[in-house]
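Note sheet for the following structure.
Numbered from 1 within each chain, the chains take letters A, B, ... in sequence-line order.
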Amino acid sequence: CDIRSLGYEEKRKLLATIEKAVAFVTTMIFQDGSSQLNSEQVLTSSVKGVVVLVKNQTDYPCLPGYSSTDCTWDAANEDDKLIYLKTEWSSLWEQEQQAHKKFTWQVLFQMLRCKVPIICFNAKDFLRTLLQVYGNEISWKQVADSVVLDPRIAAWLINPSDTVPSFECLIQKYFEKPFSVETVNTDTGPLRNTSYQNLGVNLEKLYNVMMDLAHDLQVQGLWKLFCTLELPLIKILAVMETHKIHVNKQELKKTSEILGLRLKELEQEAHQVAGERFLLTSSHQLREVLFEKLKLHTLCEKVHRTEIQQLVSTSEVVLNKLQDLHPLPKIILEYRQVHKMKSTYVDGLRMCMRKGFISSTWNQTGTATGRLSAKHPNIQGISKHPIRITKKQYIKGKEEEIVTISPRTLFVSKKGYTFLAADFSHIELRILADLSSEPELLKLFQEPETTDIFSSLASQWKGIPSEQVKHADREQAKRIVYSVVYGAGKERLADCLGTTPLQASQFIESFMQKYKKINEFTKKTIEQCRNKGYVVSIMGRKRPLANINAQDYKLRTQAERQAVNFVVQGSAADLCKMAMVEIFTSVVVSPNLTARLIAQLHDELLFEVEDSQIQEFS
DNA sequence: TCCGAGACGCTACG
DNA sequence: CGTAGCGTCT
């Protein structure tokens with residue numbers, strides 16, 4: 001039914017039906033007639049309304065031998081209601097439309113409140129839109145109360161490596177096995193004018209896919225992870241996406257100009273010392289200058305090569321080695337640093353801004369390890385380290401001044417609010433210690449005098465007193481540890497450390513000698529993966545690795561590194577998400593706390609907290 | 001001759 | 001290891 005045609009009594013009945021519903025299956029309808037169930041929705045078209053399939057408790061008893069999912073399937077079209085809720089109005093002057101608008105959000109609000117599962121493909125977008133459309137009528141805490149199910153996330157949990165690009169693909173993958181549906185979508189072109197009838201069929205499919213996936217999740221032991229971690233996260237991300245972070249626009253413009261000037265200077269210097277003009281941003285042209293004209297690589301042993309074409313690399317590690325041979329590498333290194341700063345963190349950020357604010361888009365199913373990812377802007381990738389620029393000023397008195405540019409300070413909290421960050425301390429290393437039960441590593445974490453884990457580790461490993469540990473030792477220990485976590489080989493570690501592969505392999509050797517259990521853990525993990533075909537994290541998250549038994553050495557060893565990395569990184573992701581859900585929930589249930597979660601940087605949560613609540617919140 | 005898509009390289013983050 | 005994003009070059 002279309003709620004616009006309902007009378008008072010019918011509206012009352014509809015609300016009563018919603019009260020009794022066992023599930024809602026829903027999708028947004030866009031201005032161009034497409035829905036969330038159409039392939040690859042381009043979010044350019046604005047939202048027109050919402051279609052909801054209301055699943056009711058059926059009177060038909062389940063036939064013996066039938067599973068409950070089959071039963072609801074059978075009863076499908078009998079009692080269920082399909083309702084259309086228009087959320088956008090062409091003109092608001094009519095009294096009647098106001099009434100409809102009010103009733104629409106009454107229906108939606110009741111759906112959210114009654115704790116009956118709302119099934120939606122891309123549920124996060126649905127919730128975010130509700131928050132945006134009814135921002136004045138409902139608070140984010142109310143949305144946080146709802147229960148949403150998203151089959152895309154279920155599919156991702158079952159296999160996080162293959163991304164499900166659209167609803168159609170999901171149907172093809174998971175639905176067309178038990179019963180092939182007669183209403184196969186044979187439309188060749190993009191059939192935009194989807195009738196409600198067609199939508200009803202698709203929502204029915206959506207419901208059945210979700211039931212199917214729920215069953216699979218239970219069989220695979222992923223149900224708890226799905227319900228307690230991933231589903232609550234949908235709401236959290238939806239709320240996060242509706243929060244706007246203020247960016248200092250004037251500062252952004254100013255720094256863009258400063259960086260632009262510095263790039264011009266560096267470009268001139270580079271052309272000067274190279275003896276020719278070339279495009280500094282082109283690694284291809286740089287390669288010609290450095291290695292074909294100046295032949296710098298011949299003066300240097302074992303230079304890194306590019307992955308695909310096996311050409312001499314112009315990457316940071318190589319340029320660092322060439323520094324003493326010619327002035328050009330150093331100039332390029334600074335140019336790259338400044339260029340990255342300008343293009344990504346200054347100009348890139350400006351592109352993401354809307355009226356002085358940004359809000360990232362969060363992807364819950366974008367990684368194979370269970371981590372989140374963010375885009376437009378990628379707030380997880382904003383540089384930590386400031387860079388210093390000597391700005392040449394031709395004003396009276398001083399001729400130049402040094403300005404420091406740190407991208408993170410470009411984000412500013414609202415007036416009367418403060419950014420508050422809470423982060424895990426070395427979570428991946430702790431997980432490695434726990435999973436390997438390595439006694440020496442565990443001891444390090446338990447000792448109260450350990451203030452700096454990598455210094456202590458360097459001291460313990462090399463057997464030198466902690467006061468004598470130099471900064472270089474600490475850095476080395478840190479890099480070796482994470483190389484083990486990431487499963488890097490000696491060449492990779494050598495690049496990372498700036499040493500020879502021989503020395504790197506000796507480091508790995510002596511590290512493995514001291515912490516034997518870590519090596520055992522790695523071997524055990526790979527072995528387990530070979531037997532089962534997948535690896536498992538602390539919370540039971542899975543990653544199938546088809547190549548673990550491959551003939552090809554490169555593919556197999558890659559899968560082995562992925563296996564070890566998944567267990568550590570995936571487990572860390574589990575714990576970080578748990579923290580996220582717990583802290584968010586405690587803010588929601590608190591009657592007075594207003595702290596907003598702004599971003600998750602993997603092991604760090606960033607909040608915006610009212611100044612007066614900082615104590616209580618922390 | 002212009003333009004978009006895809007391959008590739010490099011570098012931030014964790 | 002695995003994300004995003006900027007940039008050439010074909």
Side-chain angles (χ1 to χ4, degrees), chain A residues 160-161 163 263 278-288 304-320 332-352 360-387 406-408 421 423-429 431-432 478 481-489 492-493 495-496 522 525 535 543 545 557-573 575-576 599-606:
Chain A
S161 301
T163 47
L263 284 178
F278 67 103
L279 198 51
L280 297 222
T281 46
S282 164
S283 43
H284 185 265
Q285 292 184 29
L286 177 63
R287 185 147 42 232
E288 282 180 351
H304 186 248
R305 289 182 175 268
T306 58
E307 186 60 41
I308 312 293
Q309 299 201 58
Q310 293 296 312
L311 303 169
V312 182
S313 171
T314 66
S315 66
E316 193 182 336
V317 276
V318 176
L319 260 45
N320 273 325
I332 297 294
L333 282 170
E334 191 185 346
Y335 185 90
R336 289 230 179 111
Q337 193 182 39
V338 177
H339 187 265
K340 175 91 182 175
M341 184 72 74
K342 178 165 155 61
S343 63
T344 306
Y345 304 125
V346 179
D347 296 345
L349 203 64
R350 291 171 91 184
M351 294 296 288
C352 298
S360 295
T361 304
W362 295 86
N363 191 352
Q364 200 174 343
T365 58
T367 69
T369 55
R371 273 155 56 138
L372 297 172
S373 72
K375 63 179 183 184
H376 307 312
N378 175 14
I379 203 166
Q380 295 178 316
I382 307 289
S383 180
K384 288 181 81 165
H385 308 290
I387 62 164
S406 55
R408 293 195 177 191
D423 66 303
F424 281 102
S425 161
H426 312 116
I427 186 168
E428 291 191 339
L429 192 54
I431 283 166
L432 188 63
K478 186 174 167 180
V481 163
Y482 285 115
S483 296
V484 172
V485 173
Y486 301 150
R492 180 76 184 225
L493 181 61
D495 282 345
C496 191
T522 329
T525 303
V535 269
R543 178 169 188 187
L545 286 162
T557 51
Q558 185 193 30
E560 288 172 355
R561 291 190 296 274
Q562 287 170 327
V564 175
N565 179 254
F566 175 84
V567 177
V568 180
Q569 196 185 108
S571 298
L575 299 195
C576 293
Q600 190 244 38
L601 292 79
H602 304 121
D603 62 350
E604 173 183 334
L605 297 176
L606 184 65

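- Taking atom CG of residue A/Leu601 and atom P of nucleotide B/dA12, one finds them 17 Å apart after rounding to whole Å.
- Spacing between atom CD of A/Gln337 and atom C1' of B/dC10 amounts to 14 Å, rounded to whole angstrom units.
- In the set C/dT3, C/dG5, C/dC9, the nucleotide with an atom closest to the side chain of A/Gln285 is C/dC9.
- Remark: side-chain polar atoms of A/Tyr345 are paired, donor with acceptor, to backbone N or O of A/Gly381 under 3.5 angstrom.
- Here the side chain of A/Thr306 pairs no donor or acceptor atom with the backbone of A/Ser313 at under 3.5 angstrom.
- Rounded to whole Å, atom C1' of B/dG14 lies 9 Å from atom NZ of A/Lys384.
- Counting any heavy atom pair closer than 4.0 Å across all strands shown, A/Gln558 reaches sugar-phosphate atoms only and no base atom.
- Among the heavy atoms of the strands lying under 4.0 Å from A/Lys340 is at least one base atom, whether or not backbone atoms are also near.
- The side chain of A/Ser373 has C/dT3 as its nearest neighbour among B/dC13, C/dC1, C/dT3.
- In this structure, A/Ala572 reaches neither bases nor backbone, as no heavy-atom distance under 4.0 Å exists between it and the strands shown.
- Each of A/Thr525, A/Thr369, A/Ile431 was scored for a side chain to side chain contact (heavy atoms under 4.5 Å, CB included) with A/Val567, with one residue passing: A/Thr525.
- For the pair A/Leu286 CG and B/dC10 P, the interatomic distance rounds to 9 Å; values are reported in whole Å.
- With B/dC13, C/dT8, B/dT11 as the choices, the nucleotide that has an atom nearest any side-chain atom of A/His385 turns out to be B/dC13.
- Atoms CZ (A/Phe278) and P (C/dG7) sit 17 Å apart, rounded to a whole Å.
- Under a 3.5 Å cut-off, the side chain of A/Glu428 and the backbone N or O of A/Gln569 do not form any donor-acceptor pair.
- Among the protein residues, A/Arg371 comes within range of the nucleic acid bases, having at least one heavy atom under 4.0 Å from a base atom.
- Closest to the side chain of A/Asp603, out of B/dG14, C/dG2, B/dC10, is B/dG14.
- In this structure, the nucleotide among B/dC13, C/dG7, B/dG9 sitting nearest to the side chain of A/Thr281 is C/dG7.
- Within 4.0 Å of A/Tyr482, counting heavy atoms only, lies no atom of the nucleic acid at all.
- Nucleic acid contact for A/Arg305: none, since no nucleic acid atom lies under 4.0 Å from a heavy atom of the residue.
- Which of B/dC10, C/dC6, C/dT3 sits closest to the side chain of A/Thr314 comes down to B/dC10.
- Within the nucleic acid shown, A/Gln569 comes within 4.0 Å of at least one base atom, counting heavy atoms only.
- Residue contacts shown for A/Gln309 are limited to sugar-phosphate atoms, with no base heavy atom under 4.0 Å away.
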